[in-house]
2 protein chains.
Amino acid sequence: MSTSPATIKDVAREAGVSVATVSRALNGAENVLPHTRQRILDVARELRYAPSGAARSLITRRTDTVGALLPDLHGEFFSELIRGIDQAARARGLHLLLSSSHDDVHEAAAALRAMNGRVDGLIVMSPHADDDFLSQNLPPTLPAVLLNSGVQGARQPVFAVDNFGGARAMTEHLVGSGRRRIAFLGGPAGNFEAQERRRGYEAGLPAGSRPVLLSGDFSEQSGYAAGAALAASAAGERPDALFCANDMMAVGALHAFADAGLRVPDDIALAGFDDIPLARYMRPALSTVRVPIAAMGTKALDALADALDVGDRSRALAQPPRTVIPVELVVRESCTQKFP
Amino acid sequence: MSTSPATIKDVAREAGVSVATVSRALNGAENVLPHTRQRILDVARELRYAPSGAARSLITRRTDTVGALLPDLHGEFFSELIRGIDQAARARGLHLLLSSSHDDVHEAAAALRAMNGRVDGLIVMSPHADDDFLSQNLPPTLPAVLLNSGVQGARQPVFAVDNFGGARAMTEHLVGSGRRRIAFLGGPAGNFEAQERRRGYEAGLPAGSRPVLLSGDFSEQSGYAAGAALAASAAGERPDALFCANDMMAVGALHAFADAGLRVPDDIALAGFDDIPLARYMRPALSTVRVPIAAMGTKALDALADALDVGDRSRALAQPPRTVIPVELVVRESCTQKFP
DNA sequence: CTGAAAGCGCTTACAG
DNA sequence: CTGAAAGCGCTTACAG
């Protein structure tokens, strides 16, 4: 019993052949005698030999792994996203290296650089991922696709949700169904997506009407706080609709309303954004803007994998495509005037 | 502009030193003149140099990565688990390599062997992970911990939820609150956890009372089907409580009951297992057995990381510990006799 | 303080 | 069909 795993050398010695032949036999090359191959296979099994990924990657320049740099792993949004990415990766025989929660830009930079030599390509979703950051830290020849990024002159393809259009559509729907005073609960200050959704909200309001902006941070807790504040305001001034920049805040607001005895949608309509699985389980079920989260992950990975297959990583696209992911209005109970 | 990323050689050439000195400077070794170090740092930055993970791993025998072999990525259970694992990994500066959904045993075996040389240790949660499978496919010296495994003579530490105790406690609670006929909706046939939960259910029934067993597969859909079937049965024979082997099936059953006009808990009590985040959002909120899912992932990773730090991977424990994760009864509306 | 050399475990031309 | 050798990009004794 040795203390370290068997290497190709061990197999070669036991089988009485060279390491080159072992390599060929194990990789299915044609030019190995059936009898030789069999012996090698037997020895390999007996020794529980598994090739070293590191050594293999070093020489083949292939890791069969894609990395995903995500801002967070918490909650249903990322769960769905990872599921979509993973599904597509598996279908192509790629492994998934996950890196998450890089609060500050230095951490994110380190994470990005640590990917070098570990992955064949990268899916990047990060508030730090602007053009400058990427050109500083992304290994120059590593293929990458960006998710929901506000990056302008990016060298990488971008997949971005139609945050603006979705928020405008929801706002227009609320207006159209008779809501007079529609408040918007925004996301984190510097967040690109949150900004787009706010812009969409403002664009959807009737001309001349003043936006009512509340501030949140995408968390359920901040939604609860905003909901409680609204519920406490004088009935005359209280908005008759609350549109939250994401679903989790809407969930929090719904609980605050329930605790305050405010009825949804009778006293106030409520809407979110994302359509996380939870949205349709709420009572009343939550109206929202559906983002095809898992599908987005799948698309991003497929685009990345295609770029890998092309192989010529030096051919940078002059104008990499920006794919807008369409969204869909999902009207449920929380937005109708009365229960059916 | 070269077509491939800068290597340590490029940095050495540009800085006019040997690769050994570059390596020392970049890794923070003491024995480098400040002036030399600075020059190297400057060149490295200019060249956007990032060390190759593969090359580094090959020589250091460290990947700073742990692998997680999971049966699936779908749903809140795995979302929570990954979050717990990731959080602990990040705290220790470890990356996370994810591998999921290995339906058949060959896929799972291949996934396991592909981890060789890519990770320093492994968290394994797989229905295939019996003793034989592991000794065949787990690289012999790779530290690993098992999650929710039924493995007996394992060579690896096991973290397992108290499925039996939790299911028995819930059953006893239902009995204690006056339910006379308690049905159990089981999980997939060969699933170890599902079996343990069924055993717990049977143990919790009053002596002499016959178990009522329905079959499901952990999916919401199978829960709906079972719920619909129950709702359709004659009122006299219908159970007055349904205990589902996991929460998602309970969610499905709840919808079936609602669709059939059956009131929960008045007509029938309902309980699940896991306490996924969704459980407390249901209306009525779902009674369940709380598994500290994220904490379990964290514990598993911490145990693994500790084993890595010890370093001596050859010292196999004669009797690796089996840690039972305690669970907690969570009684919510779906189980009380009347709404408060 | 610095460099030349060996070596990690593989794959792949190049010979034979 | 098989082997000896070079090399992937690093780190680390060993000298100096």
Side-chain angles (χ1 to χ4, degrees), chain A residues 2-40 44 47-64 113-120 139-142, chain B residues 2-40 44 47-64 113-120 139-142:
Chain A
S2 79
T3 177
S4 54
T7 72
I8 195 172
K9 250 178 169 165
D10 299 320
V11 178
R13 181 170 9 82
E14 289 300 308
V17 295
S18 73
V19 296
T21 301
V22 174
S23 175
R24 290 190 194 103
L26 263 28
N27 288 314
E30 288 302 307
N31 49 354
V32 181
L33 276 182
H35 172 256
T36 309
R37 181 191 308 276
Q38 193 53 56
R39 185 153 33 96
I40 292 170
L47 262 39
R48 311 226 188 297
Y49 170 72
S52 156
R56 211 159 201 280
S57 299
L58 186 55
I59 189 77
T60 61
R61 303 177 160 293
R62 262 284 193 175
T63 62
D64 293 319
R113 320 184 75 231
M115 291 286 182
N116 195 36
R118 301 181 170 287
V119 300
D120 297 332
T141 56
L142 196 63
Chain B
S2 77
T3 178
S4 54
T7 72
I8 195 172
K9 249 177 170 165
D10 300 319
V11 178
R13 182 171 9 83
E14 288 299 308
V17 295
S18 73
V19 295
T21 301
V22 174
S23 175
R24 289 188 193 104
L26 262 28
N27 288 313
E30 287 304 306
N31 48 355
V32 181
L33 275 182
H35 172 256
T36 309
R37 179 192 309 276
Q38 193 52 55
R39 184 153 34 94
I40 292 170
L47 262 38
R48 311 223 187 298
Y49 170 71
S52 156
R56 211 160 201 281
S57 298
L58 187 56
I59 189 76
T60 61
R61 303 174 160 294
R62 262 283 193 175
T63 62
D64 293 319
R113 320 182 78 231
M115 291 286 183
N116 195 34
R118 302 181 169 286
V119 301
D120 296 333
T141 56
L142 197 63

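Order of the sequence lines fixes the chain letters, A, B, ..., with proteins taken first and strands second; residue numbering starts at 1 for each chain. Both backbone and side-chain heavy atoms feed into the values below; hydrogens, waters and symmetry mates do not.
We find the CZ-CZ distance between B:Arg37 and B:Arg24 to be 11.0 Å, quoted to the nearest 0.5 Å.
Taken residue by residue, residues 8-15 of chain B places no heavy atom nearer than 4.0 Å to DNA chain C. Proximity of residues 19-27 of chain B to DNA chain C (heavy atom under 4.0 angstrom from any strand atom) is restricted to B:Ala20, B:Thr21, B:Arg24.
In terms of position along DNA chain C, the nucleotide closest to B:Val32 lies nearer the 5' end than the nucleotide closest to the other residue of the pair B:Val32 and A:Leu58. Residue-to-nucleotide proximity on DNA chain C shows that, of B:Ala55 and B:Gly16, the 5′-proximal contact is made by B:Gly16.
Along DNA chain C, the stretch of nucleotides lying under 4.0 Å from any heavy atom of chain B spans, 5' to 3', C:dC1 to C:dG9.
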Expected list for residues 27-35 of chain A: side-chain donor-acceptor pairs under 3.5 angstrom, two or more places apart:
| residue | atom | partner | partner atom | Å |
| --- | --- | --- | --- | --- |
| A:Asn27 | OD1 | A:Arg56 | NH2 | 2.5 |
| A:Asn27 | ND2 | A:Ser23 | O | 2.9 |
| A:Asn27 | ND2 | A:Ser23 | OG | 3.4 |

Contacts table for residues 47-55 of chain A: side-chain donor-acceptor under 3.5 angstrom, sequence neighbours left out:
| residue | atom | partner | partner atom | Å |
| --- | --- | --- | --- | --- |
| A:Arg48 | NE | B:Ser135 | O | 2.7 |
| A:Ser52 | OG | A:Ala54 | N | 3.3 |
| A:Ser52 | OG | A:Ala55 | N | 3.1 |

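Checked against side chain to side chain contact (heavy atoms under 4.5 Å, CB included), B:Val17 has the following partners two or more places apart in sequence or in another chain: B:Ala15, B:Thr21, B:Val22, B:Thr36, B:Arg39, B:Ile40. Under the rule for a salt bridge (Lys or Arg N to Asp or Glu O under 4.0 Å), the partners of B:Asp10 that lie at least two apart in sequence or sit in another chain are B:Arg13. In terms of the side chain to side chain contact (heavy atoms under 4.5 Å, CB included) criterion, residue partners of A:Ala114 (sequence neighbours excluded) are, by chain and number, B:His95.
Under the 4.5 Å side-chain criterion, counting only non-hydrogen atoms from C-beta, A:Arg118 is not in contact with A:Thr63.
A:Ile59 comes within 4.0 angstrom of a base, heavy atoms only. A:Thr36 comes within 4.0 angstrom of the backbone, heavy atoms only, and of no base.
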**Prompt:** If pairs are Watson-Crick or G-U with both distances under 3.5 Å, what is the dot-bracket string of DNA chain C, marking crossing pairs with [ ] and pairs to another strand with |?
**Reply:** |||.||||||||.|||
